Amino acid sequence: MAVEPASVAETLADSRSGDHDVADRVLRQLGALDRAVYGAIADTPTPDLDEPLRRLSDLASWSKLWIGIAGGLVLVGGPRGRRAAATGLMSIGVTSAVVNQGIKRLAPRERPDREGEGVPVARQVEMPDSTSFPSGHSASGFA
């Protein structure tokens with residue numbers, strides 16, 4: 001997939017002259033870049049990474065990884081660990097609600113086209129039913 005040739009600087013210069021809508025062009029370029037990166041990753045064989053990364057992704061679903069870490073803090077972290085675990089779990093709860101119930105509805109973005117990019121069936125993982133942006137995994141990890 002070819003990325004549009006105009007740079008962000010050219011886009012800004014064009015918008016100052018009134019030729020183009022800067023937001024539209026920048027978003028199209030970011031979309032093209034995103035698709036190019038996805039295609040490059042899909043084209044790169046990673047047999048030794050596929051299964052461990054699939055397991056890690058599954059572990060992060062529904063914040064299981066972060067809840068497990070919080071549980072470990074409760075068990076061995078003393079009063080400070082319990083406070084940190086409670087704060088972390090509250091942060092995850094709020095962030096997940098805002099992202100998954102709020103922002104995802106405002107900015108629906110379809111999941112990548114695996115077949116169109118030629119992702120081998122053996123590398124495909126189960127796709128969630130929700131839209132892909134913003135990422136619930138990333139949001140809970142950030143929280």
Side-chain angles (χ1 to χ4, degrees), residues 1-75 77 80-143:
M1 165 151 296
V3 178
E4 293 181 22
S7 69
V8 173
E10 291 169 330
T11 300
L12 291 171
D14 287 347
S15 78
R16 284 192 293 269
S17 66
D19 292 342
H20 299 283
D21 177 27
V22 67
D24 183 54
R25 290 201 48 205
V26 168
L27 289 173
R28 279 189 285 121
Q29 289 175 33
L30 287 171
L33 178 61
D34 183 54
R35 287 185 298 279
V37 169
Y38 181 80
I41 291 170
D43 287 343
T44 304
T46 54
D48 294 332
L49 296 175
D50 288 348
E51 188 57 31
L53 290 177
R54 183 179 294 119
R55 285 190 205 138
L56 180 61
S57 180
D58 289 344
L59 189 58
S61 294
W62 298 97
S63 300
K64 293 181 292 227
L65 177 62
W66 314 121
I67 293 169
I69 291 170
L73 284 172
V74 166
L75 292 175
R80 228 174 131 191
R82 287 190 289 279
R83 277 192 307 277
T87 301
L89 290 174
M90 285 189 290
S91 296
I92 289 169
V94 169
T95 302
S96 292
V98 168
V99 167
N100 292 315
Q101 300 304 317
I103 299 173
K104 273 189 186 263
R105 294 171 193 236
L106 295 173
R109 180 171 179 230
E110 294 299 316
R111 299 259 169 200
D113 178 13
R114 296 185 292 196
E115 288 76 26
E117 291 295 337
V119 177
V121 174
R123 293 190 65 203
Q124 293 184 16
V125 297
E126 184 178 338
M127 287 271 200
D129 294 330
S130 64
T131 57
S132 69
F133 179 83
S135 166
H137 277 83
S138 296
S140 65
F142 175 79

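Nothing fancy with the numbering, it's 1 onward along the sequence. Owing to the predicted nature of the structure, the values given are computational and were not obtained by experimental measurement.
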Atom [atom1] in [X], atom [atom2] in [Y]: separation rounded to 0.5 Å?
X	Y	atom1	atom2	result
Ser140	Leu89	OG	CG	11.0 Å
Leu49	Leu56	CG	CG	11.5 Å
Asp58	Leu53	CG	CG	11.0 Å
Ile92	Ile67	CD1	CD1	6.5 Å
Trp66	Leu59	CH2	CG	9.0 Å
Leu75	Arg82	CG	CZ	9.5 Å

> Looking only at heavy atoms, what is the nearest atom pair of Leu73 and Ala85, with distance?
Replying inline: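 Closest approach of Leu73 to Ala85: CB-CB, 4.1 Å.
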> What are the two closest non-hydrogen atoms of Leu65 and Ala60, and how far apart are they?
Replying inline: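 Minimum heavy-atom separation between Leu65 and Ala60: CB-CA, 4.2 Å.
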> For the side chain of Arg35 and the backbone of Gly31, is there at least one donor-acceptor N/O pair under 3.5 Å apart?
Replying inline: yes
>> Going by the rule side chain to side chain donor-acceptor pair (under 3.5 Å), which residues pair with Arg54 if we only count those two or more places apart in sequence or in a different chain?
In response: Glu51
> Could Arg28 and Asp24 be called an ion pair, given the rule that one side-chain N must be under 4.0 Å from one carboxylate O?
Replying inline: yes
